[in-house]
2 protein chains.
Amino acid sequence: MMPFKEMARLNKLIHEPARLAIMSALNACTMAEFLFLQELTGLTKGNLSSHLSKLEKAGYILINKQFVRKKIPHTTIRITNEGKAALHNYWEQLDRIREVTKKWQKD
Amino acid sequence: MMPFKEMARLNKLIHEPARLAIMSALNACTMAEFLFLQELTGLTKGNLSSHLSKLEKAGYILINKQFVRKKIPHTTIRITNEGKAALHNYWEQLDRIREVTKKWQKD
DNA sequence: TTTTATGGTTTATAATGCAAACTAGTTAAA
DNA sequence: TTTAACTAGTTTGCATTATAAACCATAAAA
């Protein structure tokens, strides 16, 4: 496929900056707490929460809600193998497209 | 800045897939006709038109509307120096963030 | 002279990102 | 002891956005 066409159709679930940041952080951490993830990404809680929901729905992350002393919520998040693969593929695809784009010349 | 924070705040004007494709194509072509650009990116005319408007408004491209024999519209588009610089900076920033991210470890 | 094609733009809609407001519980202060 | 403020998130509403459908003006074809 023409590289520009492929570029215009990138996986937006991962491509979106906030989610790309979340996925990259989780890929480095393996596991992170909600508040720590908020600190790492600089997102608001509401924003982080809704992005996490989308990533969970896609099967890219696992969200574990625990209650400290059965009272205080404490949420931990980890990336799934599927999520790791999706992130890896995203970067590979982007790199490949860029390579092709560099060599591309109008005929 | 924390790499994930920076990632979450990427320049969305360029980051958006359709516009990233347009900018990359124009960067390779120097100049392109509207329909050629549509073919390269696979976007619909309406979609391409509105993305071009945004890029023009940002000063990243120049749109030249001519009329063949004063009748048929014929639009050519070229990237500006500012646009080239913005695209270049975008890739450089992304590469740098990725580098830092690779090395990053939770303390 | 009605139909089809060209080269786009405008309009309408559906989706999305975002933060403000909210919830449910806890601890601290008055 | 009731009020206030904090914690750890979720839900709601708004504003922006991407997208394609509908549209417009002209030309060529049937």
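Worth knowing before you read on, the calculation uses all heavy atoms, side chains too, and leaves out hydrogens, waters and symmetry mates. Chain naming here is simple, since letters A, B, ... match the order of the sequence lines and numbering starts at 1 in each.
For Arg98(B), the salt bridge (charged side-chain N to carboxylate O under 4.0 Å, His left out) partners are Asp95(A), not counting sequence neighbours. Considering only residues two or more places apart in sequence or on other chains, His88(A) meets the ring pair (Phe, Tyr, Trp, His ring centres under 6.0 Å) condition with none of them. Scored by the ring pair (Phe, Tyr, Trp, His ring centres under 6.0 Å) test, His74(B) finds no partners at all (sequence neighbours excluded). With sequence neighbours excluded, the residues satisfying ring pair (Phe, Tyr, Trp, His ring centres under 6.0 Å) with Tyr90(B) are His15(B). With sequence neighbours excluded, the residues forming a salt bridge (charged side-chain N to carboxylate O under 4.0 Å, His left out) with Arg96(B) are Glu6(B), listed by chain and number. Residues meeting the side chain to side chain contact (heavy atoms under 4.5 Å, CB included) test with Ala21(B), sequence neighbours left out: Phe4(A), Met7(A), Ala8(A), Thr41(B). Residues that satisfy the salt bridge (charged side-chain N to carboxylate O under 4.0 Å, His left out) test with Glu82(B), not counting sequence neighbours, are absent from this structure.
Not a single donor-acceptor pair under 3.5 Å links the side chain of Glu33(B) to the backbone N or O of Phe36(B).
Regarding Asn11(A), its CG atom lies at a distance of 12 Å from the P atom of dT16(C), rounded to whole Å. Atom CG in Leu20(B) sits about 15 Å away from atom C1' in dA18(D), given to the nearest Å. Atom-to-atom, CG of Asn64(B) to P of dG7(C) comes out at 16 Å; the value is rounded to the nearest Å. Across the protein-nucleic acid pair, His15(A) atom NE2 and dT17(D) atom C1' stand 14 Å apart, rounded to whole Å. Between the P atom of dT11(C) and the CG atom of Asn47(B) lies a distance of 17 Å, rounded to the nearest Å. Whole-Å rounding puts the Leu43(A) CG to dT16(C) C1' distance at 15 Å. Whole-Å rounding puts the Leu48(A) CG to dT10(D) P distance at 9 Å. Whole-Å rounding puts the Leu37(A) CG to dT10(D) P distance at 12 Å.
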I'd like a table of donor-acceptor pairs (distance under 3.5 Å, sequence neighbours excluded) in which one partner is a side-chain atom from residues 56-67 of chain B, with atom names and distances.
none

Listing, residues 42-50 of chain B side-chain donor-acceptor contacts under 3.5 Å, not counting sequence neighbours, or none:
{"from": "Thr44(B)", "atom 1": "OG1", "to": "Asn47(B)", "atom 2": "N", "distance (Å)": "3.3"}
{"from": "Asn47(B)", "atom 1": "OD1", "to": "His51(B)", "atom 2": "NE2", "distance (Å)": "3.1"}
{"from": "Ser50(B)", "atom 1": "OG", "to": "Asn47(B)", "atom 2": "O", "distance (Å)": "3.2"}

Under 3.5 Å between N/O atoms: give me all the protein pairs with nucleotides 6-9 of chain D, atom names plus distance.
{"from": "dA8(D)", "atom 1": "O3'", "to": "Pro73(A)", "atom 2": "O", "distance (Å)": "3.3"}
{"from": "dG9(D)", "atom 1": "OP1", "to": "Thr75(A)", "atom 2": "N", "distance (Å)": "2.6"}
{"from": "dG9(D)", "atom 1": "OP1", "to": "Thr75(A)", "atom 2": "OG1", "distance (Å)": "2.2"}
{"from": "dG9(D)", "atom 1": "OP2", "to": "Thr75(A)", "atom 2": "N", "distance (Å)": "3.4"}

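Computed from C1' positions of five pairs at each end, the angle between the two local axes of the helix from dT1(C)-dA30(D) to dA30(C)-dT1(D) equals 30°, rounded to 10 degrees.
Distance check: Lys103(B) NZ to Thr101(B) OG1 gives 10.5 Å after rounding to the nearest 0.5 Å.
Note on Lys12(A): a side-chain N or O is less than 4.0 Å away from OP1 or OP2 of dT19(D).
Near DNA chain D, meaning a heavy atom under 4.0 Å from it, residues 50-57 of chain B has Ser50(B), His51(B), Lys54(B) in order of number.
Listed nucleotides dA19(C), dG17(C), dT19(D) differ in distance to Arg19(A); the shortest reach to its side chain belongs to dG17(C).
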